[in-house]
Amino acid sequence: MKTVDANANVFSESELKELDLISELKNEIMVSITEQTKLGEPASIILSGHPIIEIIVSVGFLKDVKVDGTMIQQIIKDSIEKVSKTENITISTESTIIKIEQ
């Protein structure tokens with residue numbers, strides 16, 4: 001059995017940077033969707049994968065909300081490009097899978 005000190009850092013520096021990048025990207029997507037649509041905040045946003053290699057973005061809305069999928073996809077791509085420039089890192093939109101769910 002492995003014991004972990006609650007004060008110990010269980011993530012490497014590169015893993016922490018990756019988690020920060022995913023968090024920043026999620027926040028940017030949330031803010032952009034909220035600001036650029038009249039839909040309000042999405043019910044959920046899930047990001048998985050490795051942001052440099054391949055990332056899956058799943059955005060969920062309530063069933064009664066009419067969603068323009070093309071617009072949401074463009075907002076997500078624009079958010080990825082914005083975070084890429086801000087963080088001076090390449091996140092390829094070609095290797096991004098976008099799912100819009102209700």
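Start at 1 with the first residue, then count along the sequence. Hydrogens, waters and symmetry mates play no part in the numbers below; they use all other heavy atoms, side chains included.
- When the side chain to side chain donor-acceptor pair (under 3.5 Å) test is applied to Glu35, no partner is found at least two apart in sequence or on another chain.
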Pair up each side-chain donor or acceptor in residues 23-31 with any protein partner under 3.5 Å, not counting sequence neighbours, and list the distances.
{"residue": "Lys26", "atom": "NZ", "partner": "Ile45", "partner atom": "O", "Å": "3.4"}
{"residue": "Asn27", "atom": "ND2", "partner": "Ser23", "partner atom": "O", "Å": "3.4"}
{"residue": "Glu28", "atom": "OE2", "partner": "Ser32", "partner atom": "OG", "Å": "2.9"}

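- Applying the 4.5 Å side-chain rule to ILVMFWY residues, one finds that Ile46 remains a lone member of its cluster.
- Partners of Lys17 according to the salt bridge (charged side-chain N to carboxylate O under 4.0 Å, His left out) rule, which considers only residues two or more places apart in sequence or in another chain, are Glu13.
- Between atom CG of residue Asn88 and atom OG1 of residue Thr86 there is a gap of 9.5 Å, rounded to the nearest 0.5 Å.
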Scan the side chains in residues 53-72 for donor-acceptor partners under 3.5 Å anywhere in the protein, sequence neighbours excluded, and list what turns up.
{"residue": "Ser58", "atom": "OG", "partner": "Glu101", "partner atom": "OE2", "Å": "3.3"}
{"residue": "Asp68", "atom": "OD1", "partner": "Thr70", "partner atom": "N", "Å": "3.2"}
{"residue": "Asp68", "atom": "OD1", "partner": "Met71", "partner atom": "N", "Å": "3.3"}

Open item on the list: Please evaluate residues Thr96 and Lys77 with respect to the criterion side chain to side chain contact (heavy atoms under 4.5 Å, CB included), reporting the C-alpha separation (whole Å), side-chain torsions for both, the decisive distance (0.1 Å), and the verdict.
Closed with: CA-CA 9 Å; Thr96 301; Lys77 288 179 182 180; over 6 Å; no
TODO: Show your reasoning for whether side chain to side chain contact (heavy atoms under 4.5 Å, CB included) applies to Ser84 and Ile80.
DONE: CA-CA 6 Å; Ser84 292; Ile80 290 170; 4.2 Å; yes
